[in-house]
Amino acid sequence: MEYNFNDIEKKWQQFWDEHKTFKTFDDFSNKQKFYILDMFPYPSGSGLHVGHPEGYTATDIVARYKRMKGYNVLHPMGWDAFGLPAEQYAIQTGTHPSVTTNSNCDTFRRQIKSLGLAYDWDREINTTDPCYYKWTQWIFTRLYNTWFDVKQQKGRHISELEIPDEIRKQGKEAIRKYTDDKRLAYYDNAQVWWCEHCRIVCANEEVLNDGSHEKCGNIVTRRNLKQWMLRITDYAERLLKGLENLAWPEGIKEQQRNWIGRSTGADVDFEIKGLGKKLRVFTTRPDTLFGATYMVVSPEHEWVELITTDAYRQAVKEYIHKASLKTDLDRTDLAKEKTGIFTGRYAINPVNGQEIPIWVADYVLTGYGTGAIMAVPAHDERDFEFAQKFNLPVNCIMDPADADPVLRDKVLAGNACWTEDGIYINSAHETLGISINGLNKEKGIQTIIKWLEEKELGKATVNYKLRDWLFSRQRYWGEPFPVIHWEDGEIEVLGDDQLPVTLPGLKKFEPGPDGESPLANAGEWLVVEKNGRKGRRETNTMPQWAGSCWYYLRFIDPGNDAEPSSKEKEKYWMPVDLYIGGAEHAVLHLLYSRFWHKVLYDLDIVSTDEPFQKLFNQGMILAFAYETAGGAKVSADLIEEREGRYFHKHTGAELKQIIAKMSKSLKNVVNPDDVVRQYGADSLRLYEMFMGPLDVIKPWVDSGIKGVFGFLNRVFKFFSNPENTGQDNEDPEILKGLHQTIKKVSQDIENLRFNTAISQMMIFTNLCIKKEKVTKETAETFARVISPFAPHIAEELWSLYGHKTSISCEQFPEADEFYLQTDSYEYPVSFNGKLRFKLELPLDMPEQEIKKAVTGNPQAEKWIAGKQIKKIIVVKGKIINVVT
RNA sequence: GCCCGGAUGGUGGAAUUGGUAGACACGCAGGACUUAAAAUCCUGUGACCAGUAAUGGUUGUGCGGGUUCAAGUCCCGCUCCGGGUACCA
C-alpha cells in the first residue's frame, strides 16, 4: 500500500479533535500525574518556524509515551500574546492589536495542529484575554501587599509588618513611606533605559552589553521616570538556594547564580575627617585594609557634596556632570580609561589611623554595595590602574611567596598588583591590637572581620549583583496596572472585586507625550472619581514577562473565575515535571517565574517552592547560508551548486557554505508548512528528532528529511501489507530485535535521547524487511513503539490491524528480558591492546578456561610466537586482552 | 578578562561504570529495474600500504604530554569554535 501521508494525517488529526483523545481529566484518585510543559510561544505574524516543532515534538513524544505508560498527563499549549509587533502594526495601520493577535494565534494553532501534537486544546490560554490577565493583575496586587521578612526569609502580608515606634510617632505619612519601602511592588523614581527607536523603557536585562536594545539594536539612553519596580532582590538568597535541588542543566543554573552574583565580605566604616560622619564601604577583601591608600565614592553617592571641600567644589561638580552624560556604554567602554577627581577630603583608616584621600570616580557604581569603596591598589587591578594614573601610593601588604621571583619583587615594590593568596606583611597595629602578619588570605579575612565586629567598626555582609526588576512599560499592548493615582498623591491598588482592569479601546496607538504610554490618550478611561476625590489610572502597562510568569498555573485550571487555579488541582499537578524550551530564557523568564512562584508559595497560594522540577533546553536549529570571500552574505535563492561547490548565480563567484541562524535576509528560513506538505508531519517530527541530540545546535539539511521520509515509507509499505504480517510463529531473531528495540526506545525517551531511539527503530525495520515476514503481534507491538514519534502512521497501521480505538490509549510495550538473554558472546581478543580476532565463547565459562581457549586458539599463535605472555585480562562479556 | 559548553569520516551524528571507534542516516560509487529519467531495491564506502582476490597490515576521535593491560572517554598543558557576562569592590 502506498504511504499517503496527506490523507492519513488529515484523517487522524480530525479523529483526535472529534474524540478529544488528549483531553486531560483531573483524576486525583489513582493515576500518577505527569505535567509536561513547553515554553508557550509568542504568536508572531510570520508563523511557526522549524525551531518551534523541535521542542514541541520532544515534549509530545514524552507526553504520549507517559500516557501509554499509565500516567495522567497534562500537556497544554497557549499564547504569550502581549508584545510589541502587534502594537507597532497597530500604530502603522490602526488595526487593533487584539485583531492581529487573534489572527496570529489562529495561524499558530492551525500549524501546531498540523503537526499532530497531543495537546488538550480545552486548556488553551491567551495572556491577552481579560479572563487571564485578571489574574496577572491579581498577582500584582498580592506582590504589592507583601513584604519580605528577612529573619524568616519569607514573604508575608503587609498587615503583618511591624511599624517601629519612632516611625509610628511621626504619623501617617511616615508609616505609609515605611510600608511602601517594604512592599515587593513599589512605585519609584528610577533611572531607566530608554530606547528612542521603540519609545520604550527597557529592563537592565533587555539591554545588550554593547548598550543596545535587544529587540531593535538601537543604543539606549538613561532617563529618570516614575516606574513600578519589583523587589526581586529580597529573594536573592532564596532564588540562589532553590537552584540546588532542581534537575536543570548545570550551565543554566550557573548562569542564574552568576546573574544573582552573591559575594561575601564586610561593610567597613571609615571616619570622614572633619565631618563627624562615617563613610561605609563594602569590600570582599577586608583583609587588605592595611593596604587601603585612598577611597572612592561614586558620582551619584548621596554624600558627594557633603564630602567635597570648597576648594574642590567646582571641579567635582564638573566631573559629576560629565559622568552623568555618559551612557553605560561609555562607562564600560572598551578603552576603560579611568577617570576621577579628588574631593579635598580625607578619611581615617580604622586599622591604622592613617589619613587617606577620598576621590570621586565613575568606576565605582552607585547600585552595588554602598556605592563607595576603599581602594587597595596593591591588591586590586582596578584600584591599581587608577592609582597608577593619578599617582596614588601603592602599599603592598601581601607577599606573593610562591610567585615568580621577578613578579614577586615588583609586587613587593608596589610596581605590580597581586590578587591571589600569599602571606601578609605590614599588617599590624600595636595599640589597636590587630595583626594578621604571617597569615594567609582565608585566615586573614576571618581575623579582620572578627576584630572589626568586636570594635564595632564593621561587620560581615553579603551582597548581590541582582537588581530590582523594572516592571512597567510605556506601551498599550500589555496588562494595565490595577492602580489609581489620586490627586493628593496617594496610590491605590484596586481590590479583587474591581479586577480585571481592561484595556480601553483606542483609535490611535502612538505613545503619549514625553514617552508616556499610549494609555495617556485614553480619555475617559483615565479619569476616576470617588466621593468627589479625583484620580487618574496608571498609564503604564506590565512588561511581556508578566503573563509568562505564572501561565503554568493557569493551565491547571484555565476556566476558574474565583482563583488563578484551584488549590486542590494545583496541589495535584504542581510542580511541572518537565519543562522544555530555548536557552535564551536561561535567566529572564526562568528567574522571574521562580520569583513570583516563591512569593505565591509564601502566601500559601501554591504548594511548591519551585515551579519547574526538571528543565531541558533544546538547541537552536540553524540553516546553511552562503558568503563571498569577503564575508558578504548571499541569500540562498541566488546559489548554484556544482560538484559540491557553491557559486553565485549572477556573478559566478565561488561562495563559502556557512551555518547561520535562519533569517529573512539570508532567505534560508525553512517553513514547517512546506515540509508538512512535501513529506508529512510524521517525517518532520521524526527528522527534527533524528538530527542529533535535543540540546545541541544543529543545521537543517534538506537531504536529511528525505532519509526519514524513506524510513517511514518502508515502515508503512512493510507493516501495512497483510502478507508480511501473517507469520504464525515469530523468528527468534525478530523477537530479540523487537525487545531490544522496546528497551532502547523506552530508555531513550526517558533520557530525551530521541535520535538513538529512532536509529534503533530503523535497525529493527531493516531486520524485518530482511526477514520478509513477522507475526501480527510483532507488527502491533512495533506500531505501539513508534506511535509517540510518528503518531499518524501508527494510528493508521493500528486501524488496519482491525482496531477501532486510538493507539494512543494503548499500553506501551514492556521489554521482556527473556528474549534479550544470550548464553554466548563473541569476544574481541586483543594483543597489547590491538584487536586481532574474535572468539565466540559461552558467557558462563570460567576465566581460567577462557584463557586456555585463547592461548590454545590457532589464530593466537601468530601473536604469541616468540613472546612471553605476561598476563591475560578477561573482562566477562566485554573483552579479552593478552599482554606480551 | 572571567564563567559555561563543544571539537569524532565528505556530511548530521553513534559509542553504560575506561573495554570491538565510526551504529543509524545523508552523500558518493557500482549494480538491478526502465527506451530514458525519477522513484525503488541490492552491494560497497575513515585514511594509507600490500595483494588479481578473499584478506592482511599500518594509522586514526582538534594539538602536545601523562596515567592504564586498555583512553573519544580519566589527569596536566594548549589551540580553535559557540554561548553567557563584563570596572559588581
Side-chain angles (χ1 to χ4, degrees), chain A residues 208-210 249-259 261-263 265 281-286 288 296 298 328 331-334 336 338 361-376 379-383 385-386 463-467 583-584 586-587 617 619-620 622 624 644 657 659 687 690-693 695-708 710-711 713-714 717 747 753 755-763 765-766 769 826-838 862 870-875 877-884:
Chain A
L208 301 179
N209 51 18
D210 64 351
E250 239 352 276
I252 301 289
K253 288 207 226 178
E254 201 52 36
Q255 269 190 59
Q256 291 219 347
R257 285 191 195 107
N258 290 341
W259 194 265
R262 182 183 204 269
S263 62
V281 301
F282 171 71
T283 173
T284 54
R285 294 292 305 276
T288 59
V296 185
S298 74
D328 256 28
R331 266 176 117 162
T332 63
D333 202 359
L334 297 169
K336 276 184 202 166
K338 287 195 170 47
D362 65 5
Y363 83 91
V364 171
L365 307 174
T366 314
Y368 185 78
T370 61
I373 62 157
M374 65 175 203
V376 186
H379 307 291
D380 181 286
E381 303 274 2
R382 297 152 299 183
D383 298 343
E385 201 189 309
F386 190 83
N463 255 293
Y464 302 91
K465 275 199 263 186
L466 186 70
R467 304 294 162 81
E584 66 271 23
V587 275
N617 298 116
M620 213 189 313
L622 309 176
F624 289 121
Q657 188 181 54
I659 290 171
Y687 176 55
F690 187 62
M691 288 170 85
D695 55 343
V696 307
I697 297 177
K698 45 214 171 259
W700 181 276
V701 184
D702 276 322
S703 56
I705 191 153
K706 286 182 192 146
V708 292
F711 165 65
N713 268 287
R714 283 194 294 280
K717 264 189 202 150
Q747 283 173 353
R753 297 187 337 196
N755 54 333
T756 49
I758 293 165
S759 136
Q760 180 62 39
M761 292 188 284
M762 287 171 167
I763 293 170
T765 305
N766 291 345
I769 291 169
E826 193 182 35
Y827 280 95
V829 182
S830 346
F831 290 79
N832 294 327
K834 281 182 183 164
L835 174 74
R836 296 305 179 184
F837 60 89
K838 289 182 184 176
K862 183 176 166 187
K870 290 203 189 106
K871 64 174 158 179
I872 301 177
I873 287 144
V874 176
V875 184
K878 280 264 167 67
I879 201 170
I880 297 164
N881 191 15
V882 182
V883 187
T884 59

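Protein chains get the first letters and strands the later ones, always in sequence-line order, with residue 1 at the start of each.
In RNA chain B, runs of at least 3 consecutive Watson-Crick or G-U pairs, each pair with both distances below 3.5 Å, span B:1-7 with B:79-85, B:10-12 with B:24-26, B:27-32 with B:40-45, B:46-50 with B:55-59, B:62-66 with B:74-78.
The side-chain contact (heavy atoms from CB on, under 4.5 Å) check on A/Leu835 picks up A/Pro828, with sequence neighbours excluded. Residues forming a ring-ring contact (aromatic ring centres under 6.0 Å, His included) with A/Phe690 (at least two apart in sequence, or on another chain): none. Looking at residues two or more places apart in sequence or on another chain, you find no salt bridge (Lys or Arg N to Asp or Glu O under 4.0 Å) involving A/Arg714. A/Glu381 is linked by a side-chain contact (heavy atoms from CB on, under 4.5 Å) to A/Cys417, A/Thr419, counting only residues two or more places apart in sequence or in another chain. Judged as a ring-ring contact (aromatic ring centres under 6.0 Å, His included), and not counting sequence neighbours, the contacts of A/Phe386 are A/Tyr294, A/Trp359, A/Tyr363, A/Phe390. A/Lys871 pairs by the side-chain contact (heavy atoms from CB on, under 4.5 Å) definition with A/Ile873, A/Val883, not counting sequence neighbours.
Residue A/Ser263 is classed as a sugar-phosphate contact, given heavy-atom separations below 4.0 Å to backbone atoms only.
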Between N or O atoms, less than 3.5 Å apart, protein on one side and nucleotides 4-7 of chain B on the other: list the pairs.
none

Which atoms of nucleotides 22-27 of chain B (N or O only) lie under 3.5 Å from a protein N or O atom, and what are those distances?
from, atom 1, to, atom 2, distance (Å)
B/C24, O4', A/Ser759, OG, 3.4
B/A25, OP1, A/Asn766, ND2, 3.0
B/C26, O2', A/Ser703, OG, 2.7

Tabulate atom names and distances for all N/O pairs under 3.5 angstrom spanning the protein and nucleotides 66-69 of chain B.
from, atom 1, to, atom 2, distance (Å)
B/C69, O2', A/Asn881, ND2, 3.1
B/C69, O2, A/Asn881, ND2, 2.8

Give me, pair by pair, the N or O atoms of the protein and of nucleotides 80-83 of chain B that are less than 3.5 Å apart, along with how far apart they are.
none

Mind listing the N/O atom pairs, protein and nucleotides 56-59 of chain B, below 3.5 Å?
from, atom 1, to, atom 2, distance (Å)
B/U58, OP2, A/Arg836, NH1, 3.1
B/U59, OP2, A/Lys834, NZ, 3.4

